[in-house]
Amino acid sequence: MAATFIPPILGQCISEAIVPDVKTTINLFGMHLRKVSGEWDYPVHTHPQYEINYVLEGEQLFIVNDRHYIQQAGALMFLQPGASHASKSGNGKPFTYFCLHFDIDDRMFLSLLSRLDSVLFGANSNVVQQLRPALNKVIEMSSQLAEHSAAKLTERMRLQSAVFELFGQLWEALSAEADLHSAVSYEKVQLAHQIRNKLQGLIYQQFKQDAAALNQHYGIDDIAAELGISVSHCNRVFRQVFEISPRVFLSSEMLHEAKVLLNDPQMSISQISAILGYRDISHFSRQFKRWYGASPSEYRRSNEEKNITAAAMDEKKS
């Protein structure tokens, strides 16, 4: 199974440390290292991804939403999706730059990026100094990979590892730059992250409940009490950061786990219902239909039909 696991029987585990699920996906587009002449001129354009643009040698003139920025060697431009921008040599001489476009599905990271007002980070800025080692590593590895069209899987995986290291540094660097006086401060983002971790923990505790524990209620009220905040503050902070309520987030996580289990044909719906902590199969079926718009059996049947269709298409291609 892709994400869900069935924990050991209650009472057999001596100690345990649950790590919150890691579901972050980073997609990279058009990553390139380019040296251009002094006459080079990239016209005005937009794209739906974030952009990191780093000058290694020379000078670049960047125009972002009609504002002009001179990007010296070692400086970095960070562009939000949809920003109108163009670029050319800043002094009529050749220059070398590295560029990558990306999107990311981590709500916490997106919240941080949305609070970032800065566009240009100078070579001596804290952001660039913190990013430079990881950025240089990605530039070197991507350059080597581009030279070998038949790159080995290990080389591509190493590049991906370097990219995740870069984004880890990006998170730390931009956190310090984000406007702490905005509606969503860094402290609120951290608190929302704590709430999310506890909500994910709720799901795993649900897996481990026995019949006697099913009637015990533990939810958002208890999480708020543990964190020393009111329920209304808990809901407000979580919604500000993730743009959904804690209850909706919990429902979406439970739906994800249910779908993963339903994708395993060896498990009956009754077994899945029990694993997810429902009193009976009818209760699970009603809840799943409320979330997804179809019953568990309808979802499973539709998924099986998709798999058969995909297999038939693959067979035709071969």
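As a basis for the values below, the full set of heavy atoms in this structure was taken, side chains included, without hydrogen atoms, waters or symmetry mates. Quick caveat: nothing in here was measured; it's all calculated off a predicted structure.
- Taking every heavy atom of both residues into account, Leu28 and Ile26 meet most closely at CD2-CG2, 3.9 Å.
- Between Gln129 and Ala123 the shortest heavy-atom distance is CG-O, 4.0 Å.
- Cluster membership check: Met31 shares its hydrophobic cluster with Phe78, using side-chain heavy-atom separations under 4.5 Å among Ile, Leu, Val, Met, Phe, Trp and Tyr.
- Under the 4.5 Å side-chain contact rule for hydrophobic residues, Ile272 and Ile281 share a cluster.
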**Prompt:** Does the side-chain contact (heavy atoms from CB on, under 4.5 Å) test come out yes or no for Gln71 and Glu59, once each step is laid out?
**Reply:** CA-CA 6 Å; Gln71 187 184 7; Glu59 181 180 292; over 6 Å; no
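- From His233, atom NE2 reaches atom CD of Gln240 across 8.0 Å, with rounding to the nearest 0.5 Å.
- Both Ile244 and Leu199 sit in one connected hydrophobic cluster of ILVMFWY residues. Membership requires side-chain heavy atoms under 4.5 Å apart, directly or through other members.
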**Asked** Leu79 and Val64: side-chain contact (heavy atoms from CB on, under 4.5 Å), yes or no, with the steps?
**Response** CA-CA 8 Å; Leu79 305 183; Val64 184; 3.6 Å; yes
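- A donor-acceptor contact shorter than 3.5 Å is absent between the side chain of Thr46 and the backbone of Ser84.
- Under the 4.5 Å side-chain heavy-atom criterion for grouping Ile, Leu, Val, Met, Phe, Trp and Tyr, Leu61 is not connected to Met77 through any hydrophobic cluster.
- Proximity of Lys259 to Tyr292: side-chain heavy atoms (C-beta onward) are separated by under 4.5 Å at one or more points.
- Asp280 places none of its side-chain heavy atoms less than 4.5 Å from the side chain of Ser273.
- Between the side chain of Asn303 and the backbone N or O of Tyr299, no donor-acceptor pair lies under 3.5 Å.
- At a threshold of 4.5 Å between non-hydrogen side-chain atoms, the residues Cys99 and Glu51 count as touching.
- Taking the six-membered ring where tryptophan is involved, the planes of His101 and His32 are tilted, since the angle between them lies from 30° to 60°.
- Closest heavy-atom contact between Gly74 and Val128: O-CG1, 3.3 Å.
- At distances below 3.5 Å, not a single donor-acceptor pair connects side-chain atoms of Ser161 with backbone N or O atoms of Met157.
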**Audit row: Val119, Phe62, side-chain contact (heavy atoms from CB on, under 4.5 Å) steps and yes/no** = CA-CA 10 Å; Val119 174; Phe62 233 106; over 6 Å; no
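- The two residues Ser89 and Gly38 have their closest heavy-atom pair at CB-O, 3.5 Å.
- The two atoms that bring Arg300 and Leu261 nearest to each other are NH2-O, 3.8 Å, heavy atoms only.
- Taking 4.5 Å as the limit, some side-chain heavy atom of His85 sits within range of a side-chain heavy atom of His47.
- Although no hydrogens or angles enter the test, the distance criterion places no donor-acceptor pair under 3.5 Å between the side chain of Arg196 and the main chain of Phe238.
- Both Phe242 and Ile229 are members of a single hydrophobic cluster when ILVMFWY side chains are connected at heavy-atom separations under 4.5 Å.
- As a member of the Ile/Leu/Val/Met/Phe/Trp/Tyr network built from side-chain separations under 4.5 Å, Val55 groups with Val36, Trp40, Tyr42, Phe95, Tyr97.
- Residues Arg290 and Gln287 have side chains that bring a donor and an acceptor to within less than 3.5 angstrom of each other.
- Counting heavy atoms from C-beta outward, Leu110 and Tyr50 have side chains that approach closer than 4.5 Å.
- Remark: the backbone N or O of Leu113 is paired with a side-chain donor or acceptor of Gln80 at under 3.5 angstrom.
- For the atom pair Ile139 CD1 and Leu166 CG, the distance stands at 9.0 Å (nearest 0.5 Å).
- Distance check, rounded to the nearest 0.5 Å: CG of Leu131 to CG of Asn126 gives 10.5 Å.
- A 6.0 Å sphere centred on CG of Asn27 holds more than 12 heavy atoms belonging to other residues, nucleotides or ligands.
- No donor-acceptor pair closer than 3.5 Å links the side chain of Ser143 to the backbone N or O of Glu140.
- Counted by atom type alone, Ser268 and Ser270 present zero donor-acceptor pairs between their side chains at under 3.5 Å.
- Within a 6.0 Å radius of CZ in Arg34, other residues, nucleotides and ligands contribute more than 12 heavy atoms.
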**Message:** Please evaluate residues Arg301 and Glu298 with respect to the criterion side-chain contact (heavy atoms from CB on, under 4.5 Å), reporting the C-alpha separation (whole Å), side-chain torsions for both, the decisive distance (0.1 Å), and the verdict.
**Reply:** CA-CA 5 Å; Arg301 191 160 49 246; Glu298 289 171 338; 3.5 Å; yes
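- With hydrogens and angles ignored, the 3.5 Å screen pairs no side-chain donor or acceptor of Glu172 with any backbone N or O of Gln130.
- To the nearest 0.5 Å, atom CZ of residue Phe102 and atom CZ of residue Phe167 are 4.0 Å apart.
- To the nearest 0.5 Å, the span separating CD1 on Ile195 from CZ on Phe249 amounts to 11.0 Å.
- Using a 4.5 Å heavy-atom threshold, the side chains of Ser142 and Leu33 count as separate.
- For the pair Ile52 and Leu170, the minimum side-chain heavy-atom distance is below 4.5 Å.
- Between Gln60 and Lys88 the shortest side-chain heavy-atom distance does not fall below 4.5 Å.
- Among all heavy-atom pairs drawn from Val127 and Ala173, the shortest one is CG2-O, 3.8 Å.
- Aromatic ring pairs are classed by plane angle as parallel below 30°, tilted from 30° to 60° and perpendicular above 60°; the pair Phe284 and Tyr278 is tilted.
- With sequence neighbours excluded, no residue forms a ring pair (Phe, Tyr, Trp, His ring centres under 6.0 Å) with Phe98.
- To the nearest 0.5 Å, the span separating CD1 on Ile275 from CE on Met267 amounts to 3.0 Å.
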